[in-house]
Amino acid sequence: MKKIAFILLISCSFIISTSAQSTRPWQGKKCAVVITYDDAYDQHLDNAIPVLDSLGLKATFYITAFSTSMQNRMNEWKKLPLKGHELGNHTLNHPCVGGPGRDWVKPEYDLSKYTVQRMLDETRMTNLFLRALDGKTRRTFAYTCGDMKIGDSSFIEPMKKDFVAARAVRNQMHKINEIDLYNVDCYMVNGETGPQLIEWAKKAMETNSLLVVLFHGVNGGNSLNVSLEAHSQFLHFLKKNEKDIWIAPMITVADYIKKYQSNQIKTTKR
Ligand SMILES: [Zn+2]
């Protein structure tokens, strides 16, 4: 009788731990949220950082190295990693594929006119620049305008050893074992209200997914903007729900996903 009770106890605890793993796979939390800011605008330093720091939330800033803000305020950008934020690579000059509907692309930075080697050189130069700012050798990348190819050639393949992960621009969220680390999807903010942004986080909690949010302007800087109020409401919601939401920079979350997925593969092979 004692033996049966023992076996029952063991199998119950196994079921509990397995189900806990599937509903709280993110460091024991329901979902993960990565907050990202692209292109290095003054408004990130002036409007986003104060809110993040007051709440103790850590974010990823995808830096275009030769941006105006970096040229003018490099010393302030340099302080971000000291507070736990990540400086990610968003190229040297922000090249994008030009053409119809892409009038803002300058001919000299039209990605379709680049060679893969030029893209590799400029991106690696940006890694070197960022290393001079924060001393780090491991980094994540964000595709400019979501462009992943030059003609038919993918440039991330030869760059995989330079990056832990790469963020794309596609409005989707996925469970931990479904994520492609070199094509991490994200929700791009374009005028959403606080409650609308909060809905995204609630969906991530319900589906045990990774939500990556992409901000450009924060009360200015870019026409893809968010108001101060909506930005603040969203970050406060994340903070309030920290027991269920794991909030961390991309590189931390990417490392965790990599480890999780390789363990999963080992388990499946056995
Ligand atoms: Zn960009």
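First listed ligand is number 1; within each ligand, the first listed atom is number 1. Computed from heavy atoms alone, side chains included, the values below leave out hydrogens, waters and symmetry copies.
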Centroid-centroid under 6.0 Å between His231 and Phe215 rings
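Yes, the ring of His231 comes within the 6.0 Å limit of the ring of Phe215, centre to centre.
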
Taking the six-membered ring for Trp, are the ring centroids of Tyr109 and His94 within less than 6.0 Å of each other?
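Ring centroids of Tyr109 and His94 are no less than 6.0 Å from each other.
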
Is the Zn ion (ligand 1) under 2.8 Å from any N, O or S atom of [X]?
X      : answer
Asp38  : no
His94  : yes
Cys145 : no

Parallel, tilted or perpendicular for Trp26 and Trp246, by the 30°/60° rule?
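The arrangement is tilted - the two ring planes meet at 30° to 60°.
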
Give me the ring orientation class for His90 and Tyr62: parallel if the planes are under 30° apart, tilted from 30 to 60°, perpendicular past 60°.
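Judged by the thresholds at 30° and 60°, the geometry between His90 and Tyr62 is tilted.
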
Calculate the angle formed at the Zn ion (ligand 1) by OD1 in Asp39 and NE2 in His90; 10° precision is enough.
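The two atoms subtend 90° at the Zn ion (ligand 1).
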
